[in-house]
Amino acid sequence: QVQLVESGGGLVQAGGSLRLSCAASGRTFRTRTMGWFRQAPGKEREFVSATTWDGGSTYYGDSVKGRFTITADNAKNTVYLQMNSLQPEDTAVYYCAASRIITGSASSRAYDYWGQGTQVSVSA
């Protein structure tokens with residue numbers, strides 16, 4: 001099994017920044033792609049970004065391109081999501097996910113393991 005623990009969420013004003021972290025443990029050798037999804041109240045889970053562990057392939061959802069940056073530290077088994085120019089519409093619970101395959105899919109079904117989520121709230 002693979003365990004994922006997110007941290008770094010919080011409350012920030014519009015235009016501000018946050019950095020989320022996702023620490024992976026357990027059988028991390030089974031994972032090939034690490035991703036971030038988010039879910040706002042009353043909305044479906046939305047793909048945010050993904051990366052392979054070597055950072056050679058990165059993917060972004062259209063709504064965050066140019067504002068968010070995903071990176072992976074293979075030695076620490078940790079993935080980061082740097083979020084800049086945050087807007088109220090970015091308010092959501094952010095989930096870290098791991099896939100056993102290399103994938104750029106925006107579907108949550110491509111991912112096998114999930115963290116518990118961390119709340120990000122952006123005030124106007």
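Counting heavy atoms from C-beta outward, L86 and F68 have side chains that approach closer than 4.5 Å. The side-chain heavy atoms of V79 and W53, taken from C-beta on, include a pair separated by under 4.5 Å. With a 4.5 Å cut-off on side-chain heavy atoms, M83 and D90 do not count as touching.
Atoms CZ and CZ, from R45 and R38 in turn, are 13.0 Å apart once rounded to the nearest 0.5 Å. Here the OG atom belonging to S105 is positioned 10.0 Å from the OH atom belonging to Y59, to the nearest 0.5 angstrom.
Less than 6.0 angstrom separates the ring centroid of Y111 from the ring centroid of F37.
The side chain to side chain contact (heavy atoms under 4.5 Å, CB included) check on V93 picks up Y95, Q119, with sequence neighbours excluded.
Between A40 and A92, the closest heavy-atom pair is N-CB, 3.8 Å. Here the closest heavy-atom approach between residue T33 and residue A50 is recorded as CG2-CB, 4.0 Å. The heavy-atom pair separating W36 from S21 by the smallest distance is CH2-O, 3.6 Å. Residue S99 comes nearest to A110 through the heavy atom pair OG-O, 2.8 Å, listed as atom of the first residue, atom of the second, then distance.
Put simply, the side chain of S57 never gets that close to the backbone of T52: no donor and acceptor are under 3.5 Å apart. Counting only distance, with no hydrogens or angles, the side chain of T78 and the backbone of K76 share a donor-acceptor pair below 3.5 Å. Y60 contributes no side-chain N or O that, together with a main-chain N or O of R67, makes up a donor-acceptor pair within less than 3.5 Å. Side-chain atoms of T51 do not come within 3.5 Å of backbone N or O of T58 as any donor-acceptor pair.
Within 6.0 Å of CD on Q1 lie no more than 12 heavy atoms contributed by other residues, nucleotides or ligands.
Checking S63 against E89 by side-chain atom types alone, no donor-acceptor pair falls below 3.5 Å.
Neither M34 nor Y80 shares a network with the other; the hydrophobic side chains, linked directly or stepwise wherever heavy atoms of I, L, V, M, F, W or Y lie under 4.5 Å apart, form separate groups for each. There is a path of hydrophobic side-chain contacts, each under 4.5 Å, that joins Y113 to L81. Side-chain heavy atoms closer than 4.5 Å link hydrophobic residues (I, L, V, M, F, W, Y) into clusters, and following such links, possibly through other members, connects V2 to L20. Note: the hydrophobic cluster containing V64 also contains Y94 (ILVMFWY, side chain heavy atoms under 4.5 Å, direct or indirect links).
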Check: residues 4-19 side-chain donor-acceptor pairs under 3.5 Å, at least two apart:
from : atom 1 : to   : atom 2 : distance (Å)
E6   : OE1    : Q116 : N      : 3.1
E6   : OE1    : G117 : N      : 2.9
E6   : OE2    : C96  : N      : 2.8
E6   : OE2    : G117 : N      : 3.1
S17  : OG     : N84  : OD1    : 2.9

